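Order of the sequence lines sets the chain letters (A, B, ...), proteins ahead of strands, with each chain counted from 1. Just so you know, these numbers come straight off a predicted model, no measurement behind them.
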Amino acid sequence: MPKGTLVWHVLDDPDWDQHFEYPEDVLPFFEAAAAEWSSISTADIRLHLGGVVPEEHMSRDGYNTVSVEDDHAREGASYARIWSRLGEQGRSEIFECDVGLHPNAVSSAGLGPLVHELGHCLGLAHAAGNPALNYSTPSAVWDPKPVMSYGLGRGRIEDGLPEDDRIGVSLLRPAPGWRARTGSISGHVTLDGQPARFAPVQILRRENAGQVRRAVNAFTNEEGEFFVEGLAPAEYGVWIQPTDLAGDPHPRLVSAGAQVDVLDSVWLGSPHWVRAGAETSVGEIPVRRRPDSR
Amino acid sequence: MNQTGRLLTAFGTMAVAACGGDGSAPTVAAPQPPAVVVTFVSETVRVEEGETAEIMAQYRTNTLSTPLSLAVSPLNQGAIPEDYELSGNTFDIPAGQNVTGTAAISLTALVDNQVAEGEEVVALRLEPPEGVRAELGPNLEVRIADVGASPCRGVQVVATPTELIESPRSWNGVPGCYRSATLELALERGAQALWIDWEGPFLPDGFWGCGEEPLPAPIINDKPPAFNLAEWTHASLPEGILQTLRVEWPEPGPLTLRFRGVGGACEGSPTLTCAGAGCELNR
């Protein structure tokens, strides 16, 4: 979306009255969700709610809107409808993003769904899920789950957005000077000697107290390569996982041949040092196929 | 009473006194000293898996008329015969008077595939020789220390006993019984690259619920991996690094990890499996 302050408007939709007396009462709800993104110190993000507009401002008129939608094809789902056009340099530019919230997303699911959809408006796609099960109990390694992922706990945001969300949006809209203070890590994942396409890659950081925690997740490209930027200088490890079909958050990747039948593989050797302004290559990472197919 | 009566009385008293005053049998003569005295030099010995301890026995003869062959036998007190090897546990004591010496017995703690840390105990007993009056010292306690197992060159793994998790766990609302273990992997400085592959369990393998009647397994289309890495710490040590992982998985498991290295460091790509009985390394 364009740089500078991004303005949303509330659609004057009668469905709001399930939760608010007036559409204007949506303001605190939106401001709280917007603040999760605009408070990221490493990003340049300004989101503002401009007021209430008539329902006919639904789409493709330059008004970013937020509304309540209960007739979406997928029950319980909210959405971000992104409109783009070719810009002067021949690149696709987003000019409008309309967020439709399912009624359940307004009443009981907390800020998570709106924060998630605003993340799409800012240009973020879905993050990879946690390796293995989404247990109902926390993991000191994987929690909090990125707001841009699917899975349990996405509705609850505590102590700000997880690092994966913050780094992702900062790469799109960096605060001045931030990128120069970060480094990157790259590698090449193979399966049976061939590129492992669109495989989720978890980058984990060793923190000062020795705790290992997930920092960022990414995906390999068609060539099985990954390149993760925006990392604070520290020691990092790598975990390759299969694409998680449960909940199907990445249907396009699956259609394009994402690896769904590899074993979770985690690096246990000496961690890799990432330094500011430098790329750390971990080389080739061969993964193995599951003995049984999914 | 006349004089004789007094004397008889006195003798009677003396006689009674000589009998101990209660009329019992005469006291036997003092026991003869043993022909030989044998003891272990130590009371307890500790030996780690893969190492050999030399256990010393010392002897002193009083009057040993012929050479004596003395045996040392094991009494398993937690250890099993497969945990160790004994050698030199029969030794000769020369005949003679006031002869002293020592004998060395070797106990090698064999490496097994169990990765739990702990100790097994075997007591060594000096066997009484036939036909010879011998004074033998107390048993020697040998503590065999498990130090885990080595899946790869320069890597040692130790696991806590697995335990059922008391607090409830569920997957997408389906309750289940879950087990956990803490794995410690020590990598020597310069150890080759090390990967582990998580080979199981996968959903919906196993039963759900913790009671006598297990719940039917949920219908799951794509069989995702069924484990949770709850905690992971990494410590840098002078000799290398120590990775500590606490893992949870649904019963009955087993949790299965396979070690992969480069340059043949993990010969045979061994697997670590953990279930109710504990964790073991298999090649």
Check whether any side-chain heavy atom of B:H234 lies under 4.5 Å from a side-chain heavy atom of A:S270, and answer yes or no.
no
task = Compare all side-chain heavy atoms of B:W232 with those of A:R213 and state whether any distance is below 4.5 angstrom.
result = no
Going from [atom1] on [X] to [atom2] on [Y], what distance comes out if it is rounded to the nearest 0.5 angstrom?
X      : Y      : atom1 : atom2 : value
A:S139 : B:E248 : OG    : CD    : 8.0 Å
B:F227 : A:D264 : CZ    : CG    : 4.5 Å
A:R206 : B:S236 : CZ    : OG    : 4.0 Å
B:T233 : A:Q211 : OG1   : CD    : 7.0 Å

Minimum heavy-atom distance between [X] and [Y], given as atom pair plus value:
X      : Y      : result
B:E231 : A:A140 : CG-CB, 4.0 Å
A:L268 : B:L187 : O-CD2, 3.3 Å
B:F202 : A:L263 : CZ-CD2, 4.0 Å

Hits for salt bridge (charged side-chain N to carboxylate O under 4.0 Å, His left out) against A:E163, two or more places apart or cross-chain, chain-then-number order -> A:R205
[X] portion near chain A, given a 4.5 angstrom heavy-atom threshold:
X      : value
B:I241 : side chain
B:R260 : side chain
B:L185 : side chain
B:T244 : neither

Enclosure of B:E85 CD (heavy-atom neighbours >12, cutoff 6.0 Å): no
* Around B:E43, counting heavy atoms of other residues, nucleotides and ligands shown, do more than 12 lie under 6.0 Å from its CD? -> no
NZ/NE/NH1/NH2 to OD/OE distance under 4.0 Å, A:R290 and B:E199: no
By residue number, those in residues 274-287 of chain A with heavy atoms under 4.5 Å from heavy atoms of chain B are A:I285, A:P286, A:V287
Residue pair A:W267, B:I196: steps toward the side chain to side chain contact (heavy atoms under 4.5 Å, CB included) verdict | CA-CA 7 Å; A:W267 170 257; B:I196 59 170; over 6 Å; no
Residues pairing under ring pair (Phe, Tyr, Trp, His ring centres under 6.0 Å) where one sits in residues 183-229 of chain A, two or more places apart or in two chains, turn out to be A:F219-A:H250
| message | For B:W198 together with A:W239, are the ring centres under 6.0 Å from each other? | response | yes
Taken in chain and number order and not counting sequence neighbours, the residues that satisfy side chain to side chain donor-acceptor pair (under 3.5 Å) with A:R289 are A:D192, A:D261
